[in-house]
Amino acid sequence: MKKLFIILPFLALLLNSCFWQEEAKRESIAKGWSPKTFFAQAKEEALSGSTDKAIALFEQLQAAYPGSKYALQSKLEIAYVLYKGKDYDQAIDRLNNYIKLYPEHFSTPYAYYLRGVISQDKSRSFLDDYLTDSAQRDVNSVRDAFNYYLALIDKFPKTEYAEEAKTHLVILRNILSRHELFVAIYYTKRGANIAAINRTKFIIEKYPNTPSVPAALHLMARNYDAISANILAKDARRVLKNSYPSYTPHYSLEN
């Protein structure tokens, strides 16, 4: 037992020594690196999937060459590495900080755009293409993405990223309107007809021209029927027939 107590501290000392030797070796190698070399090495680590090493090198680059263009770019690279590692919240925090520090830099539109992409991906599931629908889950990150893209278009309307953002907005509007439709259907199933009617009105007013509008009108009429508001039900069906004459209900009120 005494030998064990003697060996354990020795092993700890040996491991600690190896660790610091390795750190010293890494620092000695990095000490003479140019900003470009630092950046290239960090990118290589990121591509190989070594997230922590990549971020450490990007941060060393910033400390060693704070005024270089590579140091500035590395801030965006860290956000991207965090995003690819699915650390969405930290990635967005980094981008928010970048936007705050460099509000007018030529690379800032990209930071706005990446923020939207990250929030959009945060709401996705790998099953969405097969079984699930992101509109049926919590859509807070979808709303965040929508607002991030709007901020980009407002701040940098003439950039290529703003044009890309407009495409994403169409997709996100459809998701948000579909989410409201699912909520309206839920209320209808529970007999909360007034709440369901208010949701369908919200879809029509907030998300016009989305695919959920005809379903919202149809559902609105059914809920008006349930509360014996016959004239309002007739009006909803008239608008549905005039605006979407070929509409066929695709939702179900079965539990």
Side-chain angles (χ1 to χ4, degrees), residues 72-73 75-130 132-184 199-217 219 239-240 242-244 246-247 250-251:
L72 194 60
Q73 179 62 27
K75 293 178 184 292
L76 292 173
E77 294 291 339
I78 288 174
Y80 187 78
V81 168
L82 289 167
Y83 158 52
K84 298 306 287 184
K86 300 188 185 304
D87 194 344
Y88 301 122
D89 292 337
Q90 245 203 97
I92 290 172
D93 284 344
R94 295 269 185 163
L95 291 168
N96 284 337
N97 188 53
Y98 188 91
I99 290 167
K100 184 178 179 180
L101 289 172
Y102 312 103
E104 303 297 335
H105 194 267
F106 71 85
S107 62
T108 302
Y110 170 73
Y112 274 82
Y113 179 73
L114 185 56
R115 220 173 39 163
V117 169
I118 293 169
S119 284
Q120 193 171 347
D121 278 2
K122 187 179 176 182
S123 69
R124 286 182 178 147
S125 165
F126 72 97
L127 293 173
D128 282 349
D129 292 333
Y130 309 100
T132 60
D133 186 337
S134 60
Q136 289 181 289
R137 297 192 293 275
D138 180 11
V139 292
N140 283 335
S141 61
V142 175
R143 289 195 184 95
D144 287 342
F146 191 87
N147 290 329
Y148 288 149
Y149 287 135
L150 283 179
L152 165 59
I153 293 166
D154 180 62
K155 180 73 174 175
F156 303 101
K158 296 182 180 180
T159 61
E160 60 179 306
Y161 296 112
E163 290 303 313
E164 283 288 328
K166 290 174 185 176
T167 302
H168 288 289
L169 283 180
V170 173
I171 297 168
L172 295 176
R173 277 169 57 84
N174 289 343
I175 292 173
L176 291 170
S177 65
R178 201 161 64 248
H179 173 75
E180 295 297 329
L181 181 63
F182 283 129
V183 174
R199 287 286 179 161
T200 56
K201 285 181 178 178
F202 183 78
I203 293 168
I204 295 163
E205 293 168 4
K206 182 74 173 178
Y207 305 112
N209 304 317
T210 61
S212 296
V213 169
L217 285 165
L219 191 61
V239 174
L240 175 61
N242 290 339
S243 302
Y244 306 94
S246 60
Y247 172 73
H250 63 277
Y251 64 88

Spacing of [atom1] belonging to [X] relative to [atom2] belonging to [Y], to within rounding of 0.5 Å:
X	Y	atom1	atom2	result
N147	L152	CG	CG	12.5 Å
L172	D144	CG	CG	10.5 Å
L72	K75	CG	NZ	7.0 Å
K86	I118	NZ	CD1	12.0 Å
S212	I203	OG	CD1	6.0 Å
H168	I153	NE2	CD1	10.0 Å

Check: Q120 main-chain N/O paired with Y88 side-chain donor or acceptor under 3.5 Å
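It does not hold such a pair.
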
For V142 and L176, run side chain to side chain contact (heavy atoms under 4.5 Å, CB included): C-alpha distance rounded to whole Å, both residues' side-chain angles, the deciding distance at 0.1 Å, then the answer.
CA-CA 7 Å; V142 175; L176 291 170; 3.8 Å; yes

Do the ring centers of Y112 and F156 come within less than 6.0 Å of each other?
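Yes - the distance between ring centres of Y112 and F156 falls below the 6.0 Å cut-off.
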
Would Y110 and Y113 count as a close aromatic pair, with their ring centres under 6.0 Å?
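Not close enough - the centres of the two rings lie 6.0 Å or further apart.
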
Which heavy atom in [X] sits nearest to a heavy atom in [Y], and how many Å separate them?
X	Y	result
L240	P214	CD1-O, 3.5 Å
R115	L95	N-CD1, 3.6 Å
E163	P157	OE2-O, 4.3 Å
A184	L219	CB-CD2, 3.6 Å
K155	P103	CE-O, 4.0 Å
I204	A216	CG1-CB, 4.3 Å

More than 12 non-hydrogen atoms from neighbouring residues, nucleotides or ligands closer than 6.0 Å to CG on N242, yes or no?
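Count over threshold, so yes.
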
Flag if over 12 foreign heavy atoms under 6.0 Å of OH, Y251
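Correct, the count exceeds 12.
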
Within a strict 4.5 Å, meaning less than it, do heavy atoms of the [X] and [Y] side chains meet?
X	Y	result
P208	R173	yes
L114	L76	no
I171	F146	no
D89	K122	yes
L82	I78	yes

Side chain to side chain contact (heavy atoms under 4.5 Å, CB included) between D121 and Y83, worked out
CA-CA 9 Å; D121 278 2; Y83 158 52; 2.4 Å; yes

Please step through salt bridge (charged side-chain N to carboxylate O under 4.0 Å, His left out) for the pair R143 and E180, ending with a clear verdict.
CA-CA 12 Å; R143 289 195 184 95; E180 295 297 329; 3.6 Å; yes

Going by atom types only, do N174 and Y207 share a side-chain donor-acceptor pair under 3.5 Å?
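The criterion, which ignores hydrogens and geometry beyond distance, is not satisfied for Y207 and N174.
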
Under a 3.5 Å threshold, yes or no: a donor from one side chain and an acceptor from the other, between Q90 and D87?
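There is such a pair (donor and acceptor under 3.5 Å, judged by atom type) between the side chains of Q90 and D87.
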
Run S177 and V213 through side chain to side chain contact (heavy atoms under 4.5 Å, CB included) and show every step you take.
CA-CA 8 Å; S177 65; V213 169; over 6 Å; no

Name the orientation class of the two ring planes belonging to Y102 and Y98 (parallel below 30°, tilted from 30 to 60°, perpendicular beyond 60°).
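Y102 vs Y98 ring planes: tilted.
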
Carefully, step by step, assess Y247 and L217 under the rule side chain to side chain contact (heavy atoms under 4.5 Å, CB included).
CA-CA 10 Å; Y247 172 73; L217 285 165; over 6 Å; no

